[in-house]
Amino acid sequence: MGTYYGITIGPVFNTLSLSTKPAGLWCGSYLFSYLTRKLCEAFVRSGISSEDFLSPYVETVSEKGMVKVQQRIKGVGLYHDRIVFRADDRTMEEISEIADRVKRELSSKIAEAVQRVSDEEFIRTYLQIHIVCREMGDEVNPVLELAGYLDASELMYSFNQDYVSNPIVDLFDKDREDGVSAAELLKKSFLVRDCGGEWPLLEKDSSDIMSMKDIAGVCAEKESFRQSKYCAIVKADGDYMTGVLKGLTDKEKPGTIRGFSGCCLEYEVKAAEEVKKYGAVNIYAGGDDLMFLAPLTGVDGRSLFELLKKVRGIFEEAYRPYRTEQGYPTLSFGVVIHYYKFPLYEWTDEAEHALQSGAKSIPGKDFLTVRWIKHSGKEGVLAFEKIDKSGLYDKFLALLNTVQQRDTADTAEEFLSSIPQKIKTFQTLFRQALVSGNHSTENCMRNTFDCSIHKKDAVERCLKRVLELTFAVREYALALSDEKLGKISETLFEDRLKDRYDFMIQIILHMLQTARFLVERKGED
């Protein structure tokens, strides 16, 4: 038997919901990752071995004679809101005293950073640390065994939320009435100093903090395109992680559970590095969760959809040693694209809904749902599964790459504008062609687009990609189970789909409209 402690911190969600700017969103997330890291650091310094931490994976380094918990990638919240460790020779009182000391120190730092020292007690009360302790044998997984108790602890929010002014908001979001700028407070804060010069929200060659407009327009080559005014919030979450954890104990091989946490760390570090390389802003990358703000085209010229496939591949590679016979764990994404001025707190809620009520509600999961809403109100939805292996997703990427080539973009915009209109006009004919097969579908397409303009090389290349995509959509739709088709229809199309051929047409239309969106020149929506 061993004595295991579980700790949960917060209020993470409530704090993030206070944000109206990207810097505030980052700050709210990084603050709690910082708290988790400092708690682990304090426990290690008290004599608890880093090997006794089951979650998160704790690595230590020595700096100037002091033991510190390593931050593998600067400026990214790598530590999630729960800690599980073994400490047979410690009492609850001793663990609580250490946690309380860390909270006092952090509260003091925040009060100093916002220049409101008198509000230190308020901050200390606002920050929540709940601790549970249980004895158990090595035949069970303590991370899972303590999860229910920690869930219940999170409901015991002991802070009076009826307040006029939250000083934490002064740090990352709200300029004060006395003229003090939140931006200046944040840039001078301990959180930004902790990034070691790699704070992701600082504009290159500037001291300005990036806004959503700045993030949307990081790719200079797309400055004349409408997409440079649009941005995406991406949320990703591992599927069936609990099922994987149920099969892991330390009974046969000590260190198994900690090894899994190490696997989580490898994934989040590599994924965060890929997101950073693309030119997006990491908000958090803790455990199997990922959230970032991204332009539709990165600084390296890749589309957001290519980045998502890359992240999915990183997840696949990192968790390969723990894959079950059913192929778990997998990764699902919720993505929402808006005009850069859209309210951030609503945007993040929509992204969470796209993930939890969209992607993760589909049977089998391993799903990507994308919803884009133009400034004019026009919107589209995309649905893909298994994007790292999907032939359909590859055909969609091929279409995007073709239409965005420099010698194709202008012609593609006009062509992509006409195709959905033609499909809608001749929907009955197009539907019958889909029923008949690929040969009939190609004949229908080529007979519909047989004007002289369609003989141009650029248009012919686009038409070829559209045909390949249409064949892939048809193959995918015919293979869908009735259960999955019904759930996709209910979740993404509000049960408006009549059957799988209607599904094919709607998916094709939304993909073509998305492709056109990416090549539209600036102008009135």
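Just so it is clear, the model here is predicted, and its values are computed rather than measured.
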* Asked: If you measure from the Lys or Arg side-chain nitrogens to the Asp or Glu carboxylate oxygens, is any gap between Glu154 and Arg82 under 4.0 Å?
  -> yes
* Is Glu97 salt-bridged to Arg101, cutoff N-O under 4.0 Å? -> no
* Asked: Side chains of Asn141 and Thr249: do they bring a donor and an acceptor to under 3.5 Å?
  -> no
* **Charged N-O contact under 4.0 Å between Lys270 and Glu317** => no
* **Ionic contact status for Lys309 with Glu306, cut-off 4.0 Å** => no
* With the side chain counted from C-beta on, respond yes when Leu290 and Val311 share a heavy-atom pair under 4.5 Å apart, and no when they do not. => yes
* Basic-acidic side-chain contact under 4.0 Å: Arg258, Glu51 -> yes
* Check step by step if side chain to side chain donor-acceptor pair (under 3.5 Å) holds for Gln70 and Thr60. => CA-CA 5 Å; Gln70 187 176 19; Thr60 59; over 6 Å; no
* Would you call Glu223 and Lys229 a salt bridge, using N to O less than 4.0 angstrom? -> no
* Lys/Arg-Asp/Glu bridge criterion (N-O < 4.0 Å) met for Arg72, Glu268 -> no
* Any salt bridge between Asp237 and Lys365, counting N to O under 4.0 Å? -> no
* Is the shortest heavy-atom distance from the side chain of Tyr126 to the side chain of Pro11 under 4.5 Å? -> yes
* Are Phe32 and Tyr79 close enough that their ring centres sit under 6.0 Å apart? -> no
* Tyr319 and Phe260: aromatic ring centres closer than 6.0 Å? -> yes
* Fit a plane to each ring of Trp26 and Tyr30, take the angle between them on a 0 to 90° scale, and name the class: parallel (under 30°), tilted (30 to 60°) or perpendicular (over 60°). => parallel
* **Minimum side-chain heavy-atom gap Phe43-Ile7 below 4.5 Å** => yes
* Asked: Is a salt bridge present between Arg371 and Glu350, judged by a nitrogen-to-oxygen distance below 4.0 Å?
  -> yes
* Applying side chain to side chain contact (heavy atoms under 4.5 Å, CB included), run through Leu106 and Leu31 and close with a yes or a no. => CA-CA 9 Å; Leu106 179 58; Leu31 175 67; 4.1 Å; yes
* Structure fact -> Across all chains, not counting sequence neighbours, the side chain to side chain contact (heavy atoms under 4.5 Å, CB included) partners of Asp100 are Lys103, Arg104
* Does a side-chain heavy-atom distance below 4.5 Å link Cys40 with Ile83? -> yes
* Asked: Would Lys251 and Glu139 pass as an ion pair if we require N to O under 4.0 Å?
  -> no
* Asked: Would a line drawn from the ring center of Phe493 to the ring center of His510 be shorter than 6.0 Å?
  -> yes
* To do: Go through the side-chain N and O atoms of Ser46 and Arg90 and say whether any donor and acceptor fall under 3.5 Å apart.
  => yes
* Looking at Asp138 and Lys253, does any basic side-chain N land under 4.0 Å from a carboxylate oxygen? -> no
* To do: Taking Ser228 for its side chain and Phe225 for its backbone only, find out whether a donor-acceptor pair lies under 3.5 Å.
  => yes
* Please, which pairs that meet side-chain hydrogen bond (donor to acceptor under 3.5 Å, both in side chains) have at least one residue in residues 271-287, sequence neighbours excluded? -> Glu198-Lys276, Glu274-Arg302
* Just how far is it from atom OH of Tyr322 to atom CG of Leu248, taken to the nearest 0.5 Å? -> 6.5 Å
* **ring pair (Phe, Tyr, Trp, His ring centres under 6.0 Å) assessment of Phe53 paired with Tyr57** => CA-CA 7 Å; Phe53 284 82; Tyr57 189 82; over 10 Å; no
* Listed by chain and number, what are the side-chain hydrogen bond (donor to acceptor under 3.5 Å, both in side chains) partners of Lys38, not counting sequence neighbours? -> Glu41
* **Shortest non-hydrogen contact between Leu202 and Met210, atoms and distance** => C-CG, 4.3 Å
